[in-house]
There are 2 protein chains.
Amino acid sequence: MNAKTRKLSQSLPLGRRFGLLMRLYFGALTKKLEQLDIDRHFSILILIEDSEEGFCNQQYLSNTLNIDKTSMVRMIDYLVGKGYIRRASNPEDRREHRILLTEKAHRILPRIHRAINDLNSKATNGLNTSQLKQFYKDLDLLAENLAHEPRHTIIMNLEKAKSTRK
Amino acid sequence: MNAKTRKLSQSLPLGRRFGLLMRLYFGALTKKLEQLDIDRHFSILILIEDSEEGFCNQQYLSNTLNIDKTSMVRMIDYLVGKGYIRRASNPEDRREHRILLTEKAHRILPRIHRAINDLNSKATNGLNTSQLKQFYKDLDLLAENLAHEPRHTIIMNLEKAKSTRK
DNA sequence: ATTGATAGTTTACATTGCCTACTATCGGTA
DNA sequence: TACCGATAGTAGGCAATGTAAACTATCAAT
């Protein structure tokens with residue numbers, strides 16, 4: 001809290017703020033959905049649900065969610081182990097695994113959607129419709145700008161600490 | 001890319017976008033500073049520099065950067081090992097370690113500042129002054145909103161993959 | 001039949017946040 | 001003076017993830 005502090009927030013990497021927001025967001029989301037027997041990878045379920053029935057393979061999930069394919073294997077394993085999805089080989093291209101939702105997944109997806117919609121709203125509470133629109137546009141712009149920068153590979157890790165569940 | 005896809009971006013957790021931005025940002029920052037013999041924890045150096053000479057302890061760093069104190073110990077160890085900072089016990093409170101920059105740190109800090117300022121600018125390229133101001137305000141608002149949500153503890157991990165350096 | 005590309009898996013490594021437990025020290029108080 | 005709670009920092013361990021490298025299986029084209 002010294003004289004120079006006023007400019008500190010601008011001197012620090014902008015990426016730090018995004019990291020903090022991510023932590024806060026997923027901390028809250030996990031809390032909202034703590035009664036489920038999974039505590040992560042909700043996005044994967046949503047993306048599978050969104051994709052054409054039976055046309056979702058792991059590569060598609062990886063690319064769309066920006067998760068590398070070896071991590072995706074583990075995440076799929078996790079969700080398979082919990083009984084929310086299953087792998088089905090595609091007879092038209094036997095290299096592929098089509099990822100399918102189970103009944104169990106369909107049952108909990110409404111709750112997941114509610115939690116996410118609710119949290120997205122709460123997070124942006126205080127912004128009016130046009131501000132919200134602009135904010136999303138800004139995020140897209142930042143991502144676009146940063147995607148064109150040369151970069152090292154960087155790891156992002158998201159996990160619940162007290163994982164009594166397995 | 002099916003009919004439902006149009007709404008997909010709104011159905012996914014907002015936190016995902018922040019995670020992506022964080023990865024892109026730090027990937028680019030690490031790249032920009034790859035000639036240095038450290039590849040992370042630049043924020044710590046900046047915060048030490050910003051704080052009053054000799055009044056920066058680990059607790060302060062942890063709180064300000066939202067990093068838990070056991071992780072901070074390891075980060076400090078890393079920077080000490082690289083010769084950028086040193087721990088000095090405070091005679092007025094011998095529990096404390098005052099963290100001080102070395103000459104080596106002072107020499108590279110200008111380069112770090114340049115890289116961060118440059119990247120912050122490039123990331124927000126396309127926003128005019130008032131839009132930029134609003135965007136930063138929005139980020140603060142989101143953080144404020146999310147901080148009030150009940151939450152689980154969540155882990156964020158940032159690391160360079162190919163760490164040939166040690 | 002060979003060759004190159006693609007989908008997915010496995011293993012290993014490094015790092016981080018969190019937890020628990022611990023030491024040392026400070027400050028107040030009985 | 002002696003105790004007690006709080007604070008600063010450390011140590012060890014766990015779980016999870018991105019990445020790399022090496023590998024299998026399959027496809028598509030020549």
Side-chain angles (χ1 to χ4, degrees), chain A residues 16 19-20 22-24 26-27 30 38-41 43-44 55-63 65-81 87-99 151-166, chain B residues 16 19-20 22-24 26-27 30 38-41 43-44 55-63 65-81 87-99 151-166:
Chain A
R16 284 203 54 76
L20 177 59
M22 182 192 67
R23 265 191 295 162
L24 291 172
F26 281 111
T30 303
I38 50 173
D39 52 33
R40 51 212 146 93
H41 308 329
S43 301
I44 295 178
F55 282 89
C56 177
N57 62 20
Q58 298 183 201
Q59 201 67 51
Y60 170 70
L61 291 171
S62 290
N63 294 341
L65 297 177
N66 298 289
I67 295 169
D68 89 301
K69 66 178 184 174
T70 65
S71 295
M72 184 56 71
V73 170
R74 286 182 298 227
M75 294 171 180
I76 299 288
D77 286 345
Y78 172 79
L79 291 172
V80 168
R87 292 177 168 96
S89 71
N90 176 0
E92 293 169 29
D93 183 342
R94 297 206 333 254
R95 293 172 301 182
E96 264 188 39
H97 289 172
R98 289 177 168 175
I99 309 298
R151 66 179 174 281
H152 254 311
T153 318
I154 280 286
I155 291 185
M156 178 195 74
N157 189 350
L158 233 196
E159 124 197 9
K160 206 189 65 169
K162 183 187 294 179
S163 56
T164 47
R165 304 161 185 166
K166 182 69 180 308
Chain B
R16 284 204 53 77
L20 177 60
M22 181 191 67
R23 264 192 295 163
L24 292 172
F26 281 110
T30 303
I38 49 173
D39 52 32
R40 49 213 145 92
H41 308 330
S43 301
I44 294 177
F55 281 89
C56 177
N57 62 18
Q58 298 183 202
Q59 200 66 52
Y60 170 70
L61 292 171
S62 290
N63 294 340
L65 297 176
N66 297 289
I67 296 170
D68 90 299
K69 65 177 185 173
T70 65
S71 296
M72 184 56 71
V73 170
R74 285 182 296 226
M75 295 172 179
I76 299 288
D77 286 345
Y78 172 78
L79 292 173
V80 168
R87 292 179 168 96
S89 70
N90 175 0
E92 292 169 29
D93 184 341
R94 301 210 327 258
R95 292 172 301 182
E96 264 189 38
H97 289 172
R98 288 176 169 176
I99 309 297
R151 67 179 173 281
H152 255 310
T153 319
I154 281 287
I155 290 183
M156 177 195 72
N157 190 352
L158 234 196
E159 121 196 12
K160 208 190 63 172
K162 183 188 293 179
S163 55
T164 47
R165 304 162 185 165
K166 179 64 183 309

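Quick caveat: nothing in here was measured; it's all calculated off a predicted structure. So you know, we letter chains A, B, ... as the sequences are listed, proteins then strands, and number each from 1.
A:H97 has its NE2 atom 16 Å from the P atom of D:dT24, to the nearest Å. Distance B:E96 CD to D:dT7 C1': 10 Å, rounded to the nearest Å. Atoms CG (B:D68) and P (C:dA21) sit 17 Å apart, rounded to a whole Å. For the pair B:M22 CE and D:dT17 P, the interatomic distance rounds to 13 Å; values are reported in whole Å. The CG atom of A:N57 sits 14 Å away from the C1' atom of D:dC27 (whole-angstrom rounding). The distance from atom CG of B:D77 to atom P of D:dG12 is 11 Å, rounded to the nearest whole Å. The CZ-C1' distance, from B:R74 to C:dC19, rounds to 11 Å in whole Å. Between the CZ atom of B:R16 and the P atom of D:dT17 there is a distance of 12 Å, given to the nearest Å.
Considering OG of A:S71 and CG of A:L65, their distance stands at 12.0 Å, rounded to 0.5 Å. To the nearest 0.5 Å, atoms CD1 (A:I67) and CZ (B:R16) are separated by 4.5 Å. To the nearest 0.5 Å, the span separating CD on A:E92 from CZ on A:R98 amounts to 5.5 Å.
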- [ ] Might you work through the side chain to side chain contact (heavy atoms under 4.5 Å, CB included) test for A:L61 and A:I76, ending with a clear yes or no?
- [x] CA-CA 10 Å; A:L61 291 171; A:I76 299 288; 3.8 Å; yes
Open item on the list: Evaluate A:D39 against A:F26 for side chain to side chain contact (heavy atoms under 4.5 Å, CB included), listing each step before the verdict.
Closed with: CA-CA 10 Å; A:D39 52 33; A:F26 281 111; over 6 Å; no
- [ ] Would you give a per-nucleotide map of nucleotides 22-27 of chain C, 5' to 3', where B means the base has a protein non-hydrogen atom under 4.0 Å away, S means only the sugar-phosphate does, and - means neither?
- [x] --BBS-
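The phosphate of D:dT7 (OP1 or OP2) has no side-chain N or O of B:Q58 nearer than 4.0 angstrom. Considering only side-chain N and O atoms, B:H41 lies under 4.0 angstrom from the phosphate OP1 or OP2 of C:dT16.
Of the listed nucleotides (D:dG18, D:dA8, C:dA7), C:dA7 has the atom at the smallest distance from the side chain of A:Q59. Side-chain atoms of A:S71 lie closest to D:dT17 of the nucleotides D:dT17, C:dT9, C:dG17. Listed nucleotides: D:dG9, C:dG8, C:dT10. Nearest to the side chain of A:T70: C:dT10. In the set C:dT16, D:dG9, D:dA16, D:dA16 carries the atom at the smallest distance from any side-chain atom of A:R40.
Residue B:R87 is in sugar-phosphate contact alone, with no base atom involved, counting any heavy-atom pair closer than 4.0 Å across all strands shown. Contacts of A:M75 with the nucleic acid, taken as non-hydrogen atoms under 4.0 Å apart, involve only primed sugar atoms and P, OP1 or OP2.
With salt bridges taken as basic N to acidic carboxylate O contacts below 4.0 Å, one links B:D77 and B:R87.
Not counting sequence neighbours, the partners of A:S62 by the side chain to side chain contact (heavy atoms under 4.5 Å, CB included) test are A:K69, A:M72.
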